[in-house]
Amino acid sequence: MADVRPFRGIRFAPEAVSDLGQVLCPPFDVISPEAQERYYERHPYNMIRLELGREFPDDTSLNNRYTRAAQTFAEWRKQGVLRQDAVPSYYLYQQRFSYGGQSYTRTGLVARVRLEPWSARVILPHELTLRKPKDDRLQLMRACAANFSPIMAWYEDPQARLRRLLQPYAERAEVQVRDELADEHRLQPITDPQQLALIQDFFSQRQLFIADGHHRYETALSYREEIRELHRGLDPEDGANFVMMVLIDVDDPGLLVLPTHRLLSGLSAEQLQRLAPALLSRYFQVERLEGEGGRGAALVSRLAEAGRTAPAFALLTNEGSWLLRLTEAGRARMAESGRAPAWNALDVAIAHRLLLEELLGLSAEDVSAGRYLRYTHETEEALAALPRGEAQAVLLLNPTPVRQICEVARADERMPQKSTYLYPKLASGLVIHPLW
């Protein structure tokens, strides 16, 4: 099963960076151009310069954001801004944050994990990937030979053995900082040889589920193959065989998965007519939501309640709001998909197959190209899209339970793109994983 190792992480030196919160940034795929500029201005050592550097019109193959990141990385190490830990460590990483008026604590373990092909069924994916982000991350990895941001993965621990082991380290963490959102990050190296051996043995009996970072994992696989070909082989202990992950118990109370809602636009008048209740009732029990029940928090609450007993989602158009529950006819139609039962039970898969594809006639290519769809995990933004004229229809989804995501991965299936959003993202800048 999983080969999970301690490593000598590279971290910001306290004498160079007095407030670590000033140099953290999110992973590359959630950084907008506006946020990128904000992080550049925030601190001269902000991780944005490594994770997602600026691009310029006169960039060349020898001078671009990847080569500049490599130069900056080398300079920071030479100047003592970044320093490698003296001994191999696992790193307790805890995030304390608030969402929707509720407080959460999410506990993970930063480690280097041996890369395995998907076919080995040691590390399991649940999501499809796109080529462009992988090309971008591969160029950065080639230039810098390091992982700047960790992949999030889950493991199963029904007895909470590892969570109990990690908790004392969180309470006495040497790093306790807040980021720009006031979320707290705690980091504590674990160096005791006995504890290291216990942790490594614990994971040797477990599969891992990629939760967030599929593109970075596949990039790491590609990078390993390039290094292997370049050197005509690769020592099993070479750093290119590993990738940095934060490993989190699937039952961790701080795991928060947000839904990703669908905003539809560019639909023809004929397509909009196909969203009429008479046609929707082919596969769904259709309940019109009127008054306060069809708006705001009341609608979200109603949707969550319905989703406890059956797959359900809400459809909002300028004609009104409807709660859609899957019927037996809908279940029978999903069973004809040729996919695993775990996939057929997904709210998002049902919405895509029965509503987007069958009723609206959108192709898989339409969906992947984003011709009619855009996405948001912000429920308020989704609800405001219709009155603002930013969408013709909105599909409001419930979040997918963590266990259901794992079942899809076990079935060797892939969820539709933009199915989940793990909140908050893991920070870049707490630990860097060198690949040599």
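Values below: all heavy atoms of this structure, side chains included; hydrogens, waters and symmetry mates excluded.
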Looking at [Y], is its backbone amide N or carbonyl O close enough to the side chain of [X] to form a donor-acceptor pair, meaning the two atoms are under 3.5 Å apart?
{"X": "Asn241", "Y": "Pro236", "answer": "yes"}
{"X": "Tyr90", "Y": "Val4", "answer": "yes"}
{"X": "Tyr93", "Y": "Leu426", "answer": "no"}
{"X": "Asn64", "Y": "Thr60", "answer": "yes"}
{"X": "His261", "Y": "Leu396", "answer": "no"}
{"X": "Arg142", "Y": "Tyr223", "answer": "no"}
{"X": "Arg96", "Y": "Arg186", "answer": "no"}
{"X": "Glu413", "Y": "Ala340", "answer": "yes"}
{"X": "Ser204", "Y": "Asp201", "answer": "yes"}
{"X": "Gln36", "Y": "Gly53", "answer": "yes"}

Contact summary for [X] and [Y], nearest pair of heavy atoms:
{"X": "Glu237", "Y": "Arg5", "value": "OE1-NH1, 2.8 Å"}
{"X": "Ala314", "Y": "Leu299", "value": "CB-CD2, 4.0 Å"}
{"X": "Phe73", "Y": "Leu50", "value": "N-CD2, 3.7 Å"}
{"X": "Ala143", "Y": "Ala70", "value": "O-CB, 3.3 Å"}
{"X": "Leu435", "Y": "Asp238", "value": "O-OD1, 4.0 Å"}
{"X": "Arg8", "Y": "Pro88", "value": "CG-N, 3.6 Å"}

Legend entry - Aromatic ring proximity, centroids under 6.0 angstrom, Tyr91 and Phe7: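 Under 6.0 Å, so yes.
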Inset, instruction - Compute the centroid of each ring, for Tyr45 and then for Phe12, and state whether the two points are separated by less than 6.0 Å. - result: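 Ring centres of Phe12 and Tyr45 not closer than 6.0 Å.
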Should the heavy atoms of other residues, nucleotides or ligands under 6.0 Å from [atom1] of [X] be counted, would the total exceed 12?
{"X": "Arg172", "atom1": "CZ", "result": "yes"}
{"X": "Glu15", "atom1": "CD", "result": "yes"}
{"X": "Glu380", "atom1": "CD", "result": "no"}
{"X": "Glu365", "atom1": "CD", "result": "no"}

Legend entry - Candidate list Arg216, Arg112, His433, test side chain to side chain donor-acceptor pair (under 3.5 Å), partner Asn147, passing option: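 Per the side chain to side chain donor-acceptor pair (under 3.5 Å) rule, the option paired with Asn147 is His433, out of Arg216, Arg112, His433.
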Legend entry - Test applied, side chain to side chain donor-acceptor pair (under 3.5 Å); reference residue, Lys134; option that passes from Glu218, His214, Gln139: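 Going through the options one by one, the only one that passes is Glu218.
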Inset, instruction - For Met152 and Arg106, run side chain to side chain contact (heavy atoms under 4.5 Å, CB included): C-alpha distance rounded to whole Å, both residues' side-chain angles, the deciding distance at 0.1 Å, then the answer. - result: CA-CA 12 Å; Met152 184 191 295; Arg106 186 172 71 190; 3.5 Å; yes
Inset, instruction - Apply salt bridge (charged side-chain N to carboxylate O under 4.0 Å, His left out) to the pair Asp59 and Arg68, showing each step before the final yes or no. - result: CA-CA 10 Å; Asp59 279 353; Arg68 289 190 290 271; 3.0 Å; yes
Would you say [X] and [Y] make side-chain contact, with heavy atoms under 4.5 Å?
{"X": "Gln95", "Y": "Asp183", "value": "no"}
{"X": "Leu208", "Y": "Val122", "value": "no"}
{"X": "Leu20", "Y": "Arg11", "value": "no"}
{"X": "Phe203", "Y": "Val113", "value": "no"}
{"X": "Asp136", "Y": "Arg65", "value": "yes"}
{"X": "Arg262", "Y": "Val348", "value": "yes"}
{"X": "Gln94", "Y": "Gln188", "value": "no"}
{"X": "Leu356", "Y": "Leu373", "value": "yes"}

Inset, instruction - Decide whether a cation-pi geometry holds between Arg161 and Phe202; the criteria are a distance under 6.0 Å from NZ or CZ to the six-membered ring centre and an angle within 45° of the ring axis. - result: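 No.
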Legend entry - Pair Tyr375-Leu263, side chain to side chain contact (heavy atoms under 4.5 Å, CB included): steps then yes or no: CA-CA 6 Å; Tyr375 307 89; Leu263 310 182; over 6 Å; no
State the [atom1]-[atom2] distance between [X] and [Y], to the nearest 0.5 angstrom.
{"X": "Arg83", "Y": "Ile10", "atom1": "CZ", "atom2": "CD1", "answer": "12.0 Å"}
{"X": "Met244", "Y": "Ser428", "atom1": "CE", "atom2": "OG", "answer": "7.5 Å"}
{"X": "Cys144", "Y": "Ile432", "atom1": "SG", "atom2": "CD1", "answer": "9.5 Å"}
{"X": "Leu323", "Y": "Leu315", "atom1": "CG", "atom2": "CG", "answer": "10.5 Å"}
{"X": "Leu346", "Y": "Met334", "atom1": "CG", "atom2": "CE", "answer": "8.0 Å"}
{"X": "Ile31", "Y": "Lys425", "atom1": "CD1", "atom2": "NZ", "answer": "11.0 Å"}

Legend entry - Check against salt bridge (charged side-chain N to carboxylate O under 4.0 Å, His left out), Arg388 and Glu381: CA-CA 10 Å; Arg388 290 176 181 170; Glu381 180 183 346; over 6 Å; no
I'd like to know if [X] and [Y] make a salt bridge, using a cut-off of under 4.0 Å between side-chain N and carboxylate O.
{"X": "Arg410", "Y": "Glu407", "result": "yes"}
{"X": "Arg371", "Y": "Asp366", "result": "yes"}
{"X": "Arg403", "Y": "Glu156", "result": "yes"}
{"X": "Asp135", "Y": "Arg137", "result": "no"}

Legend entry - Trace of the side chain to side chain contact (heavy atoms under 4.5 Å, CB included) decision for Arg163 with Leu166: CA-CA 5 Å; Arg163 207 182 322 157; Leu166 296 178; 5.9 Å; no
Legend entry - Parallel, tilted or perpendicular, as decided by the 30° and 60° cut-offs, for the rings of Tyr421 and His377: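 Taking Tyr421 first and then His377, their aromatic rings lie parallel (interplane angle under 30°).
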Inset, instruction - Please work out whether the ring planes of Trp154 and His126 are parallel, tilted or perpendicular, with thresholds of 30° and 60°. - result: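 Parallel: the ring planes of Trp154 and His126 meet at under 30°.
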Inset, instruction - Could you go through the side chain to side chain contact (heavy atoms under 4.5 Å, CB included) check for Tyr423 and Phe97 one step at a time? - result: CA-CA 9 Å; Tyr423 183 89; Phe97 61 97; 4.0 Å; yes
Inset, instruction - Decide salt bridge (charged side-chain N to carboxylate O under 4.0 Å, His left out) for Arg414 and Asp412; before the verdict, give the C-alpha distance in whole Å, the side-chain angles of both, and the deciding distance to 0.1 Å. - result: CA-CA 7 Å; Arg414 303 292 188 274; Asp412 201 18; 3.4 Å; yes
Inset, instruction - Could you walk me through whether Glu75 and Lys78 pass the salt bridge (charged side-chain N to carboxylate O under 4.0 Å, His left out) test, one step at a time? - result: CA-CA 5 Å; Glu75 288 176 353; Lys78 184 177 180 180; over 6 Å; no
